Amino acid sequence: MEGHLLEVATDQLLEVATNQLHIATNMASINPVKAEQLARELLITEPIKQQIWFQIQVRRVIVSSLYQRGEYQQALTIIEEAQHLYTNYQSTTEPSLDLELLKADITLSIGQIHANLGYVASALEHHQQAILIFEQHNHQRGIAHALHGVASLCRETKELTRANELVHQSLELMRATNDGAGEAIALVSLGLIANEMGQGQTRIAQLETALNLAKMYHEVRAECLAIANLGWAHIQQGNLEIAEQYFTQTEQRANSIQSRQFLAFALSGFGLICRYKNQYQQALTYAGQALELMEALGLLRGQYIVLEHVTECYETIKDYQAALQTYKQFHALERRILAGEVHRDSLQIAYHLEKILAQRSVEAAVKRSQELEVANAKLRQQTTTLEQTARLDALTKLHNRHVLNQELPRLLEQSKQSNLPVCAIMIDIDDFKKINDIHGHLIGDDVLRTIAQILQANTRPNDLCIRFGGEEFLIVLPNANLEQATIIAERICQAVPAFQWQKLKKNLQITVSIGVSNDDHQDIIAQADNAMYNAKRNGKNQVQTSQAPQLGQTQNGTRLHD
């Protein structure tokens with residue numbers, strides 16, 4: 001009798017807990033703080049602690065709530081707990097559709113969190129795994145969100161055309177499955193892509209539509225993203241008063257959901273407005289507060305953007321010591337981001353994977369062995385093509401850093417054994433950010449491609465020309481001493497401004513700053529980089545060698561970077 005009563009009580013508790021979980025799930029996108037509170041209460045409820053499936057679902061609600069607020073580090077810890085529970089649960093349970101879809105959801109959540117923390121390679125891998133499972137079970141909404149995630153990664157690495165295509169595909173699926181909240185997020189992405197492609201007015205229209213949808217579906221994250229980005233869009237249009245209103249709204253929404261991420265967005269927006277109003281000390285105060293929040297949250301890209309504005313602010317008020325220190329932080333962060341990512345090559349693979357998966361769904365429908373064989377042959381051909389191009393930067397067709405990591409140790413060892421010199425030339429396009437801001441990223445891409453062609457035309461066949469990252473290029477010159485390398489560097493420095501840039505865009509003029517180093521130094525790349533800094537410090541559009549005077553020994557009044 002007592003056992004029966006205990007069983008009835010357990011069933012009643014489970015029923016109550018299930019209802020609370022349902023409430024928390026629906027609340028996560030509306031009131032993430034309250035949803036997280038309800039879910040955490042369920043985690044310690046008896047006998048819920050013994051129900052592994054239930055524990056996994058509760059953690060997913062907590063993750064969703066934390067993700068809505070931008071608390072990605074905490075969300076990552078909880079989703080990894082859910083993944084561990086899932087692994088244990090799966091080993092003792094019969095396979096089922098629900099189990100497979102749960103795996104895909106957890107995998108996608110990890111990918112989304114990694115993407116926001118800047119772990120591009122891992123994020124891409126998890127998105128690919130999720131797409132495979134969703135595609136296998138024809139789960140359209142899951143496919144839509146996974147494709148949108150890959151599109152966001154493409155946008156981060158400036159594969160804008162590809163990102164635009166993938167967002168439109170995900171948007172179509174979201175509309176087909178009546179996923180209004182997802183549609184709002186996708187429209188925010190389209191607004192950001194439009195801005196990157198130099199379509200500022202289109203960006204504002206997309207973001208306003210996204211904001212209306214987010215409010216309609218009570219999707220707080222999409223709403224905050226749309227409001228903050230409308231603020232930045234209006235800054236670019238010169239509408240500072242309107243921008244300030246949007247950032248005030250962002251701050252209010254951030255406080256209402258206890259979101260440090262969106263509060264950081266608001267503070268960085270206020271700082272940028274103050275800078276354009278020539279209120280530099282207030283701008284630096286806001287930026288410092290935003291950086292502190294972003295650092296605590298692990299938001300590398302956010303810090304990168306704010307540090308760039310802080311550097312320019314210090315330069316404007318002629319505090320060159322602080323400007324140089326901030327620029328070094330900015331540059332170190334840029335290197336950290338680039339070092340932790342697999343850029344265009346991996347995203348090419350993701351893009352081809354999406355095509356392959358679409359083809360595979362057709363094959364599954366017709367179930368013909370002949371078609372499968374044709375598809376497999378195409379897949380093998382695509383794989384071969386990707387392997388051949390994996391050593392090239394997709395935009396400039398120069399070698400990428402993967403090649404550098406492979407070839408530089410070999411060249412240095414060869415130099416040591418043969419007693420022949422090796423030199424490095426670091427090249428940075430001057431004021432490249434201004435080029436993108438004034439002429440648009442598409443012209444910026446044309447500039448990068450043209451610079452690559454100039455480098456190849458002015459170097460020797462055995463020299464290694466590399467897209468080092470962003471607007472930086474590296475040339476490794478085997479069997480060349482410092483004098484020979486400097487001659488080549490000077491030739492490039494003269495060839496760049498001599499090019500007829502007006503053919504690309506009226507009033508466009510490009511120069512480069514160049515640093516040269518040889519293998520007498522322990523790290524020739526770092527020394528070439530330092531020499532390039534000296535070229536920037538001395539006024540840009542020039543060549544400096546690693547034997548030149550160090551920073552701080554030149555005249556004041558010059559800009560430190562782009």
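The structure presented is a predicted model; accordingly, all values stated were derived computationally and were not measured.
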Is it true that T107 and H126 share a donor-acceptor pair across their side chains at a distance under 3.5 Å?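 There is no such pair between these side chains.
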
Ring centres under 6.0 Å, that's the criterion: do Y246 and W232 meet it?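 No, the ring centres sit 6.0 Å or more apart.
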
If the condition is side-chain hydrogen bond (donor to acceptor under 3.5 Å, both in side chains), which residues does D446 pass it with, not counting sequence neighbours?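 In terms of side-chain hydrogen bond (donor to acceptor under 3.5 Å, both in side chains), with neighbours along the sequence ignored, D446 is linked to R449.
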
For [X], which residues count as a side chain to side chain contact (heavy atoms under 4.5 Å, CB included) partner, sequence neighbours excluded?
X	answer
D463	T459, R460, I475, L477, P478, I488
T285	Q282, Q289
T486	L482, E490, V516, V543, T545
L442	none

Looking at residues at least two apart in the chain, or sitting in another chain, which of them share a ring-ring contact (aromatic ring centres under 6.0 Å, His included) with H399?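 Per chain and number, H399 pairs via ring-ring contact (aromatic ring centres under 6.0 Å, His included) with no residue.
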
Taking salt bridge (charged side-chain N to carboxylate O under 4.0 Å, His left out) as the test, write out the residues that go with [X], two or more places apart.
X	value
R491	none
E81	R59
E219	none
E244	K277

When K540 is tested against each of D431, D428, D430 for salt bridge (Lys or Arg N to Asp or Glu O under 4.0 Å), which residue passes?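 It is D431, the one option of D431, D428, D430 that forms the salt bridge (Lys or Arg N to Asp or Glu O under 4.0 Å) with K540.
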
Test item: S152 and S189 side chains (from C-beta on) under 4.5 Å apart, heavy atoms: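 Yes. Closest side-chain heavy atoms under 4.5 Å.
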
Would you tabulate the side-chain donor-acceptor contacts of residues 404-411 under 3.5 Å, counting partners in other chains and residues two or more places apart, or write 'none'?
unit_1 : atom_1 : unit_2 : atom_2 : d
N405   : ND2    : R401   : O      : 3.3
Q406   : OE1    : R391   : NH1    : 2.8
Q406   : NE2    : H402   : NE2    : 3.4
E407   : OE1    : R410   : NE     : 2.9
E407   : OE1    : R410   : NH2    : 2.6

Return yes if some donor-acceptor pair links the side-chain N/O of S259 with the main-chain N/O of R69 below 3.5 Å, else return no.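 It does hold such a pair.
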
Kindly indicate, with the supporting measurements, whether the criterion salt bridge (Lys or Arg N to Asp or Glu O under 4.0 Å) is fulfilled by R275 and E312. CA-CA 9 Å; R275 180 185 152 205; E312 293 173 351; 2.8 Å; yes

Which pairs would a plain distance check flag for residues 261-274, meaning a side-chain donor or acceptor within less than 3.5 Å of a matching protein atom at least two apart in sequence or in another chain?
unit_1 : atom_1 : unit_2 : atom_2 : d
Q261   : OE1    : Y72    : OH     : 3.2
Q261   : NE2    : Y72    : OH     : 2.9
S268   : OG     : A264   : O      : 3.2
S268   : OG     : F265   : O      : 2.8

